[in-house]
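Note sheet for the following structure.
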Amino acid sequence: MDETRFSEFADIEEEADEVVEEPPLYKVILLNDDYTTMDFVVGILEEIFHKTPSEATQIMLLIHNTGSGVCGIYPKEIAETKIEQVHSKAKNAGFPLRAVMEKE
């Protein structure tokens, strides 16, 4: 094997050894308010966050009793999209439901 071909393999091996970093993750958190119905919150959790009815009810009760609850953990762009979906659906339904994100 000539030295040029060996050099090409060494370059490929170096590229393969590079570590790919995972993107930072963000928690999407729903905030309690005095106007949004519990049923609406459960529906949001099922539709946007793909929770089972049981999981959605548990998270809704956590939000109701403590003031906030984590709905999921996602890369930044997905978290932002989910928050936009929550705000849009809440606004269309006439509710002030808010969602925020914080770094995991």
Side-chain angles (χ1 to χ4, degrees):
M1 184 179 286
D2 69 28
E3 199 152 317
T4 304
R5 289 188 77 199
F6 179 74
S7 175
E8 289 174 19
F9 289 124
D11 290 343
I12 292 171
E13 189 173 311
E14 282 180 28
E15 288 176 23
D17 288 341
E18 290 179 19
V19 177
V20 176
E21 288 188 35
E22 294 291 322
L25 297 177
Y26 292 81
K27 295 185 270 189
V28 176
I29 302 165
L30 284 184
L31 305 176
N32 190 45
D33 63 70
D34 292 333
Y35 302 100
T36 306
T37 65
M38 293 179 177
D39 287 340
F40 184 80
V41 173
V42 168
I44 288 288
L45 290 163
E46 290 175 353
E47 184 178 339
I48 295 175
F49 297 97
H50 308 289
K51 301 299 183 187
T52 65
S54 176
E55 290 172 321
T57 300
Q58 288 177 346
I59 295 169
M60 176 275 297
L61 289 172
L62 178 68
I63 295 165
H64 178 71
N65 292 321
T66 67
S68 66
V70 175
C71 305
I73 300 172
Y74 308 95
K76 184 176 184 180
E77 292 78 17
I78 294 173
E80 290 171 337
T81 299
K82 297 225 181 250
I83 289 171
E84 288 173 15
Q85 291 172 329
V86 168
H87 292 168
S88 176
K89 288 193 175 292
K91 182 178 180 181
N92 289 339
F95 292 119
L97 182 64
R98 306 307 299 159
V100 296
M101 66 185 212
E102 68 180 41
K103 201 165 188 178
E104 170 71 344

Could you tabulate the donor-acceptor pairs under 3.5 Å formed by side-chain atoms of residues 60-80, not counting sequence neighbours?
residue : atom : partner : partner atom : Å
Asn65   : ND2  : Leu61   : O            : 3.0
Thr66   : OG1  : Leu62   : O            : 2.6
Thr66   : OG1  : Ser68   : O            : 2.9

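- Lys51 and Glu55 get closest at one heavy-atom pair: CA-OE1, 3.5 Å.
- Here the NZ atom belonging to Lys89 is positioned 7.5 Å from the CD atom belonging to Gln85, to the nearest 0.5 angstrom.
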Less than 3.5 Å apart, which donor and acceptor atoms pair up between the side chains of residues 22-39 and the rest of the protein, not counting sequence neighbours?
residue : atom : partner : partner atom : Å
Lys27   : NZ   : Glu102  : OE2          : 3.2
Asp33   : OD1  : Tyr35   : N            : 2.7
Asp33   : OD1  : Thr36   : N            : 2.6
Asp33   : OD1  : Thr36   : OG1          : 3.1
Asp33   : OD2  : Thr36   : OG1          : 2.7
Thr36   : OG1  : Leu97   : N            : 3.4
Thr37   : OG1  : Phe40   : N            : 3.1

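- For Glu84, the side-chain contact (heavy atoms from CB on, under 4.5 Å) test picks out no residue, with sequence neighbours left out.
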